[in-house]
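Hydrogens, waters and symmetry mates are skipped; everything else that's a heavy atom, side chains included, is used. Because the structure is predicted, anything quoted here is derived from the model rather than measured.
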Amino acid sequence: MYSSFVPPRKVKIGDAASFVGTTPRAIRHYHEIGLLPEPERGGDDRRRYGYEEMIRLLWIRKMADAGIALDDIRDAFADTAPADTGTGADAEADTDHGVAGVLGRLEEALTAREAELRRQRAAVQRMRTLGNRMGLLSDFVTDRFTGLPEGSLRQKDLDTLLVTERLFGPLGAAVQASRFLALAAHPDLREESDRVDAAEEALDDTVAVDDPRVAQVAAERHAFELALHAAIDDSDLAESEEALFDSWDALHPETAGEGGGEAGQDLGRTKKTMGLVEAVGKMPYDFSPARLRCMELAFEMTVQESPAP
């Protein structure tokens, strides 16, 4: 005895979408990209979906929910047409092979995504642990500040280290950390550093390049740098710097002697290689001509006092 219920032989797009758990708009998109062949239309010129189309839609939905891109799903089903694959068994085998390939690529993508998420989570945890932006610097840099009293580093110090790490890599920033460790240990040097910095900032666009103040501030900068490097040499910081190079070479034998500068490496996410000179040219500093001249004079003083090779 037959049931009084007789299932429809074909359904409209709204019913198909409702059953599958998607939307009519999504199904129309499947048609547009060639993922789902256009079905026959009824007398009212509306699409009608039969059993085979519904099965295809269900598989599409399942694969999309698993994270497979629609283009990959289309490729997986590309060889399922009976005219191209021969027997039904051959068609099923080809389909399974295509799906297996897509799933393999998806697993690789998910593995890479998991690694990236772990990296991001570790960065967030380090930032929370350290309590400030220092957590965004490399471990190789921040390890040098272990045990440093809170507040010893200023935001300006961290900004400088961030730029240095971008240009010269963790090794360059770790070496530069000696500067800020010395300033933290010598309040008098920190005070003098602030004074010289303020004097340099005062050399704005209203100051001529040949203004006597330019040479005066350059001499003050040179004297300060000598005092700072003397403080570093008199402490154990100089020995720590030597150990840094050995540690870096041990951690990165493939780049030993190169410093690992980010600017000279493949940037990974952007897939763009940028040389050091180009990177320096892309970092803006609002220095007036007078201040730039001051920096040149201070450098010339350092070169003149350097011992002959």
Side-chain angles (χ1 to χ4, degrees), residues 1-128 135-136 265-274:
M1 182 175 181
Y2 290 101
S3 169
S4 59
F5 172 73
V6 179
R9 301 184 67 178
K10 291 182 180 292
V11 297
K12 296 178 181 179
I13 190 170
D15 293 329
S18 178
F19 180 82
V20 173
T22 186
T23 65
R25 182 178 180 180
I27 294 178
R28 294 189 187 97
H29 181 62
Y30 300 160
H31 293 316
E32 291 174 0
I33 65 174
L35 179 55
L36 181 68
E38 281 276 355
E40 296 180 358
R41 292 178 179 265
D44 56 0
D45 199 33
R46 294 185 178 181
R47 297 180 180 91
R48 295 293 192 275
Y49 298 84
Y51 179 82
E52 295 298 332
E53 288 85 9
M54 295 297 289
I55 293 297
R56 181 79 163 246
L57 281 170
L58 287 170
W59 279 119
I60 292 172
R61 175 64 192 277
K62 282 288 187 180
M63 296 173 74
D65 287 348
I68 303 176
L70 295 181
D71 288 343
D72 288 335
I73 299 175
R74 179 186 59 204
D75 294 342
F77 283 116
D79 297 326
T80 61
D84 296 333
T85 58
T87 66
D90 291 338
E92 291 181 5
D94 290 341
T95 302
D96 290 343
H97 179 73
V99 172
V102 169
L103 291 176
R105 293 194 297 272
L106 176 62
E107 184 174 8
E108 293 176 358
L110 290 175
T111 300
R113 192 182 306 169
E114 288 175 354
E116 178 65 12
L117 287 174
R118 284 195 297 270
R119 186 196 67 78
Q120 293 176 349
R121 186 179 297 110
V124 171
Q125 290 174 344
R126 290 184 67 247
M127 192 173 181
R128 292 185 63 186
L136 295 178
Q265 297 176 350
D266 184 3
L267 301 186
R269 299 179 190 84
T270 60
K271 299 298 182 183
K272 180 181 180 183
T273 300
M274 181 168 54

Spacing of [atom1] belonging to [X] relative to [atom2] belonging to [Y], to within rounding of 0.5 Å:
X      : Y      : atom1 : atom2 : answer
Leu110 : Leu117 : CG    : CG    : 10.0 Å
Lys10  : Asp15  : NZ    : CG    : 14.0 Å
Glu107 : Glu114 : CD    : CD    : 9.0 Å
Ile27  : Thr22  : CD1   : OG1   : 6.0 Å
Ile13  : His31  : CD1   : NE2   : 5.5 Å
Arg74  : Met63  : CZ    : CE    : 12.5 Å

So does Glu38 have more than 12 non-hydrogen atoms from other groups sitting under 6.0 Å from CD?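 Counting other residues, nucleotides and ligands, CD of Glu38 exceeds 12 neighbours.
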
Does a salt bridge link Arg113 with Glu116, judged by any charged N lying under 4.0 Å from a carboxylate O?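 Here Arg113 does not pair with Glu116 in a salt bridge, since their nearest N and O are not under 4.0 Å apart.
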
Applying side-chain contact (heavy atoms from CB on, under 4.5 Å) between Arg48 and each of Lys12, Arg41, Glu53, report the one that passes.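 The option that passes is Lys12.
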
Derivation of the side chain to side chain contact (heavy atoms under 4.5 Å, CB included) call for Val20 and Tyr49: CA-CA 12 Å; Val20 173; Tyr49 298 84; over 6 Å; no

Verdict with reasoning, Tyr30 to Leu57, per side chain to side chain contact (heavy atoms under 4.5 Å, CB included): CA-CA 9 Å; Tyr30 300 160; Leu57 281 170; 3.7 Å; yes

